[in-house]
Asker: 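Below: one structure in structure tokens.
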Amino acid sequence: MVNEQHLPLRSDRAIPLYRGAARRWSLRIPVWLSLMLALIALLIGWQALVMVRNYPPFILPAPTLVFQRLATELAGETLPRHIAVTMSAALSGFGIALAISLSLGYALAQVRAFDRVLTPLLAASQAVPIVAVAPLIVLWVGVGLESRVLVATLVTFFPILSATIVAFRSVPRELIDMARISGASRWHLLRYVELPLALPGIFGGVKAGLALATTGAVVGEFVGGRDGLGALINIARGLFDTPLMFVALTVLAGITLILFLIALLLERLLITWEA
């Protein structure tokens with residue numbers, strides 16, 4: 001008879017152990033450290049590509065040149081002014097989209113008839129590229145801040161709405177029924193049951209919406225803006241100032257990353273029951 005103590009570990013037992021160890025290892029790496037390592041790898045690859053291919057600055061500037069130009073522009077008044085305009089349009093559009101999406105998403109998740117009528121129309125509206133709609137918005141509203149806020153709102157609205165609908169519909173029906181049996185009102189049901197359980201899904205749309213809000217603001221500035229980072233990119237392109245274009249793109253990436261990290265921090269502060 002074969003001694004079972006000397007048998008090798010079965011694969012179906014080893015796999016869960018391996019997965020558990022891998023999960024524990026992945027949890028040890030903070031998000032900020034992962035982002036930092038990815039950024040360092042990107043910069044090293046970018047610098048190596050410029051050095052190996054010997055690209056001139058008007059085609060592909062080195063990251064060292066871009067950061068030098070970034071420091072110079074930040075010391076002046078032009079770049080901070082453009083950043084403030086873009087941030088104002090992006091955050092205003094995001095705030096409007098968030099308020100409308102949360103209220104409308106909750107209504108669509110609760111009333112199925114309302115959902116069947118309105119959701120296909122909202123989904124069909126996403127088939128039209130925002131780049132095609134932005135010139136009409138500028139024509140109707142004007143070239144001021146209002147048109148950029150409206151473009152940012154339109155870009156941000158649907159991702160948050162979709163995530164909100166899915167999040168509220170994912171709340172277990174058993175918990176809702178138990179709360180109703182216990183005498184919970186509609187307000188208490190929303191505050192203590194539905195909203196806390198839907199927050200993880202909602203934050204998924206919020207994080208995507210924050211990234212798209214800057215995109216919408218820049219698209220509006222591309223079409224009819226005289227200031228903002230989108231307008232700065234247009235100006236740099238007309239002057240064939242490629243380092244300045246990369247400065248604007250770097251600032252846009254930095255703004256989006258900061259907004260994402262803020263949303264991630266708020267998510268961890270508000271959703272403590274998942275830990």
Side-chain angles (χ1 to χ4, degrees), residues 15 17-76 79-80 82-84 86-87 90-91 94 152 155-156 159-160 163 200-201 203-219 221-222 228-230 232-237 240-269 271 274-275:
I15 290 175
L17 292 175
Y18 171 77
R19 288 177 178 173
R23 190 180 300 113
R24 287 193 299 270
W25 171 252
S26 63
L27 293 175
R28 295 176 185 174
I29 303 177
V31 175
W32 65 268
L33 182 58
S34 302
L35 292 173
M36 186 67 66
L37 293 176
L39 179 60
I40 292 174
L42 175 63
L43 293 177
I44 292 175
W46 179 5
Q47 183 72 34
L49 178 63
V50 173
M51 294 176 63
V52 171
R53 301 299 297 270
N54 197 22
Y55 285 120
F58 69 89
I59 293 180
L60 181 62
T64 52
L65 177 61
V66 172
F67 285 117
Q68 289 175 3
R69 183 68 179 274
L70 175 61
T72 303
E73 295 294 335
L74 285 175
L79 183 59
H82 287 301
I83 294 174
T86 300
M87 287 288 293
L91 293 179
F94 171 78
V155 173
T156 311
I160 303 178
F203 263 102
V206 167
K207 288 182 284 188
L210 280 173
L212 292 173
T214 54
T215 302
V218 169
V219 169
E221 293 162 358
F222 268 139
L229 293 174
L232 182 62
I233 293 175
N234 274 336
I235 294 171
R237 181 180 59 183
F240 297 97
D241 192 347
T242 307
L244 183 57
M245 293 179 63
F246 272 85
V247 165
L249 294 174
T250 301
V251 171
L252 279 173
I255 291 173
T256 304
L257 179 60
I258 291 173
L259 292 177
F260 176 83
L261 291 176
I262 291 174
L264 189 63
L265 178 61
L266 289 175
E267 181 182 18
R268 292 188 175 181
L269 290 176
I271 309 174
E274 275 196 333

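Just the heavy atoms: all of them, side chains too, but no hydrogens, waters or symmetry mates, feed the values below.
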Asker: Is any side-chain heavy atom of Leu79 closer than 4.5 Å to one of Leu70?
Answerer: yes
Asker: Can you tell which of Leu65, Ile233, Leu60 makes a side-chain contact (heavy atoms from CB on, under 4.5 Å) with Phe246?
Answerer: Leu60
Asker: With no hydrogens and no angle check, is any side-chain donor or acceptor of Thr86 less than 3.5 Å from a backbone partner on Leu229?
Answerer: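 Side chain of Thr86 to backbone of Leu229, a donor-acceptor pair under 3.5 Å: yes, one is there.
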Asker: Could you state the interatomic distance from CE (Met87) to CD1 (Ile255), rounded to the nearest 0.5 Å?
Answerer: 5.5 Å
Asker: Could you pull out the closest heavy-atom pair between Glu221 and Gly230, with the gap in Å?
Answerer: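 Closest pair (atom of Glu221, atom of Gly230, distance): OE1-N, 2.7 Å.
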Asker: What distance do Leu266 atom CG and Ile271 atom CD1 have between them, rounded to the nearest 0.5 Å?
Answerer: 10.0 Å
Asker: Got a second to check how far Leu252's CG is from Ile83's CD1, nearest 0.5 Å?
Answerer: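 Here the rounded value is 8.5 Å.
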Asker: Once rounded to the nearest 0.5 Å, what's the spacing between atom CG of Leu43 and atom CD of Gln47?
Answerer: 9.0 Å
Asker: I need the minimum non-hydrogen distance between Phe222 and Asn234, along with the two atoms involved.
Answerer: O-ND2, 3.1 Å
Asker: Taking it one step at a time, do Glu73 and Leu232 satisfy side-chain contact (heavy atoms from CB on, under 4.5 Å)?
Answerer: CA-CA 12 Å; Glu73 295 294 335; Leu232 182 62; over 6 Å; no
Asker: How many angstroms lie between atom CZ of Phe203 and atom CD1 of Ile160, to the nearest 0.5 angstrom?
Answerer: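 The CZ atom of Phe203 sits 11.0 Å away from the CD1 atom of Ile160.
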Asker: Passes side-chain contact (heavy atoms from CB on, under 4.5 Å), Leu91 versus Leu259? Steps please.
Answerer: CA-CA 10 Å; Leu91 293 179; Leu259 292 177; 4.1 Å; yes
Asker: Which heavy atom of His82 sits nearest to which heavy atom of Gly228, and what is that distance?
Answerer: ND1-N, 2.9 Å
Asker: Return the minimal non-hydrogen interatomic distance between Thr215 and Ala211, and the atom names on each side.
Answerer: OG1-O, 3.4 Å
Asker: For the pair Phe94 and Leu210, evaluate side-chain contact (heavy atoms from CB on, under 4.5 Å) and give the outcome as yes or no after the intermediate values.
Answerer: CA-CA 7 Å; Phe94 171 78; Leu210 280 173; 3.8 Å; yes
Asker: For Ala163 versus Gly201, what's the shortest heavy-atom pair and its separation?
Answerer: CB-O, 3.5 Å
Asker: If you compare all heavy atoms of Glu267 against all heavy atoms of Pro200, which two are closest, and at what distance to 0.1 Å?
Answerer: OE2-O, 4.2 Å
Asker: Report the C-alpha separation of Val219 and Val155 in whole Å, then their side-chain angles, then the decisive distance to 0.1 Å, and conclude whether the side-chain contact (heavy atoms from CB on, under 4.5 Å) test is met.
Answerer: CA-CA 10 Å; Val219 169; Val155 173; over 6 Å; no
Asker: Is the shortest side-chain heavy-atom distance between Tyr55 and Thr242 below 4.5 Å?
Answerer: no
Asker: Atom CZ of Arg69 and atom CG of Leu74: how far apart are they, to the nearest 0.5 Å?
Answerer: 11.5 Å
